Amino acid sequence: MRIAVFALQGAFVEHEHMLQQLGADTFQVRQAADWNQHKDGIILPGGESTVQSKLLQELGLFEPLRQAISEGLPVFGTCAGLILLSPSHLGTMDIEVRRNAYGRQLGSFHTNASVSHVGTDIPMTFIRAPYIEKVTSPDCEVLSEVDGHIVAARQGNQLVTAFHPELDNDLRIHEFFLSIARK
Ligand code: GLN
């Protein structure tokens with residue numbers, strides 16, 4: 001199992017540590033040349049979605065990435081990565097996203113909640129996070145809600161969380177992603 005972790009900008013090393021603890025190999029995608037290696041899945045980390053989207057375009061990675069995901073390559077997007085999969089960017093996931101949804105005061109917070117197919121009491125760290133306002137296709141399954149807002153969803157091989165599971169010591173979400181990538 002080999003997972004490509006986008007390392008253009010933002011928090012990617014923590015994702016690699018989680019995946020490595022679960023026995024997966026990882027490599028970083030920093031430029032177009034890195035992309036052509038064999039991979040069983042992709043991580044789109046948190047950071048700044050506008051900057052990431054622009055970098056993907058400049059590096060010529062936007063279209064190859066979009067195509068690979070459309071063809072079913074498993075992808076896990078956290079926070080900015082979730083925004084990248086929404087219609088304003090790659091558009092592979094049928095979700096309506098609200099960016100920086102928690103405002104300035106509540107920009108960052110921590111809670112625990114259940115995630116369907118994953119478990120209960122999952123630690124959730126939110127950092128200037130988006131949430132999903134709604135899913136716009138029956139193919140997209142809501143996996144978790146916090147305070148009435150969707151914070152995790154899955155559509156086929158695409159998994160997204162508004163929070164950062166890589167920043168807590170709980171491997172269950174990454175394990176769930178690897179189970180999707182193993183199929
Ligand atoms: N606020 C960022 C954005 O809109 C996302 C923050 C994050 O990834 N932690 O892209």
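From a predicted model like this one, the values you see are computed outputs, not experimental measurements. First listed ligand is number 1; within each ligand, the first listed atom is number 1.
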Parallel, tilted or perpendicular: which fits the ring planes of Phe76 and His174, with parallel below 30° and perpendicular above 60°? perpendicular
Taking distance alone, with no angle check, do Gly46 and ligand 1 share an N/O pair under 3.5 Å? no
Hey, is His164 one of the residues with a heavy atom under 4.0 angstrom from ligand 1? yes
Nearest 0.5 Å, what's the CG-NZ distance between Asn157 and Lys183? 9.0 Å
Tell me the protein heavy atom at minimum distance from atom 1 (N) of ligand 1, and give that distance in Å. Asn100 OD1, 2.7 Å
Measuring only between side-chain heavy atoms, which start at C-beta, is Phe177 closer than 4.5 Å to Ile3? yes
Is Thr78 close to ligand 1, meaning an N/O of one under 3.5 Å from an N/O of the other? no
Under 6.0 Å between the ring centres of Phe6 and Trp35? yes
For atom 7 (C) of ligand 1, what is the closest protein heavy atom, and at what distance to 0.1 Å? Cys79 SG, 2.7 Å
Protein heavy atom at shortest distance from atom 5 (C) of ligand 1: Gly47 O, 3.3 Å
Proximal atoms of ligand 1 relative to Ser49 (non-hydrogen, under 4.0 Å): 3 (C), 4 (O), 10 (O)
Name the closest protein heavy atom to atom 4 (O) of ligand 1, giving the residue it belongs to and the distance to 0.1 Å. Arg99 NE, 2.5 Å
With backbone taken as N, CA, C and O and side chain as the heavy atoms from C-beta onward, which portion of Ile83 lies under 4.0 Å from ligand 1: side chain, backbone, both, or neither? side chain
